[in-house]
Number of protein chains: 2
Amino acid sequence: MAQEQNLTKNQSLVFEKLSAADGPMSAYDLLDELREQGLKAPLQIYRALEKLQEVDLVHRLESMNSFVACAQPHCHAKTGLVAFAICEKCGTVSEFSDDVVQSRLADWATERNFTPTKTSLEIRGLCQGCG
Amino acid sequence: MAQEQNLTKNQSLVFEKLSAADGPMSAYDLLDELREQGLKAPLQIYRALEKLQEVDLVHRLESMNSFVACAQPHCHAKTGLVAFAICEKCGTVSEFSDDVVQSRLADWATERNFTPTKTSLEIRGLCQGCG
DNA sequence: ATGCCATACGTTATATCATAACACAATCCA
DNA sequence: TGGATTGTGTTATGATATAACGTATGGCAT
């Protein structure tokens, strides 16, 4: 944390909105909800999101072009690999990580001299309540 | 296999083009290259891609909004989970699968009564030659 | 304090990716 | 034979993302 202290106005607005949401939001969702705070252009959102991803406060869900506030900023910055389970019915996103998966992937990369920069792991499906 | 026999004209065109390519292509890349074969609209491409994904001849790379021909249609249809390593410099995509990763994720899902429909696992980074 | 650098901001315009809606054609097979 | 399913073609539109430009702000070494 403490990172949250360093955020600029736009970054804070986006982060607060995303944290308050109960699920993922697209950049344009965020823009719509932040117009009354003075934000007017997509780039303002995308730039804030870019920074927030850099400092691990926000994750991008590649499979649905949207964004979520990180569930536990403190932990995951260390663990590296973050995975998501996304319910296609109710939209709930569960964030988790798995050391075994992580090390298997690290092994794969090491064996092939592949240098990973970012990994995305997303499971689409139906959650307990919706299954 | 044999599946390739059942493809329609548009599906074949898209699959052939994608198979001949040495890397991923976007839907609009495909459209540009298939105009001379008579394809004119994005939907013709997207519909073909949709079918090709259903029969496991093509994969979608979520992190880059593009598509690749499946490296080994016969095997992967069984294995279920397919992972990709994507070089951000040269664009090369390596397809692989890992039973351990797969079973860990299956366990996670089972424990939570989550019913997976599709999983995407993509590692961005630099390949051996580009690292 | 001055000048420089890195970072963020605001704005307009544009690029890129994807689907809705409608009408028509081909095929299967009950 | 006629209904269901799947594929097609077309136009229009929606949704997501970035380029390019200029300005402003804050740190910090001189």
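Here is how names work: the chains are called A, B, and so on, in the same order as the sequence lines, proteins then strands, and each is numbered from 1.
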Sugar-phosphate, base or nothing in reach of B:A41, heavy atoms under 4.0 Å: base

Nearest-angstrom distance from the residue atom CG of A:L43 to P of D:dA19: 9 Å

d(CD, A:E54; C1', C:dA8) in whole Å: 12 Å

DNA chain C: 5'-proximal contact among B:N65 and A:A48 (nearest heavy atom): A:A48

Options C:dC17, D:dA17, C:dG10, nucleotide nearest the side-chain atoms of A:P42: D:dA17

Aromatic ring pairing A:W108/B:F96, orientation class (parallel under 30°, perpendicular over 60°, tilted between): parallel

Any A:R60 side-chain nitrogen or oxygen under 4.0 Å from OP1 or OP2 of D:dA17: yes

Protein-nucleotide distance (A:L39, atom CG; C:dA8, atom C1'), rounded to Å: 13 Å

Donor-acceptor pair between B:S94 and A:R112 side chains, under 3.5 angstrom: no

Phosphate-side-chain proximity, B:K9 and D:dG7, N/O vs OP1/OP2 below 4.0 Å: no

Whole-Å gap separating C1' (C:dG10) and CG (A:L34): 16 Å

Atom-to-atom span, CG of A:L31 to P of C:dT12 - whole angstrom: 13 Å

Donor on one side chain, acceptor on other, B:D29 and B:S26, under 3.5 Å: yes

Flag for A:S120-A:E62: side-chain donor and acceptor within less than 3.5 Å: no

Listed nucleotide nearest any side-chain atom of A:R47, set C:dC17, D:dT18, C:dT11: C:dT11

N or O in side chain of B:K51 less than 4.0 angstrom from D:dT6 OP1/OP2: no

For atom CZ of A:R35 and atom P of C:dT11, their distance in whole Å: 12 Å

Atom pair CG/CG of A:L126 and B:N113 - distance to nearest 0.5 Å: 11.5 Å

Residue whose closest nucleotide on DNA chain D lies nearer the 5' end, B:Q44 versus A:F67: B:Q44

Whole-Å distance separating the NZ atom of B:K40 from the P atom of D:dA12: 15 Å

Distance, rounded to the nearest Å, where B:E62 contributes CD and D:dT16 contributes P: 14 Å

Pair of N/O donor and acceptor under 3.5 Å linking C:dA15 base with B:Y28 side chain: no

N or O in side chain of A:T8 less than 4.0 angstrom from C:dA8 OP1/OP2: no

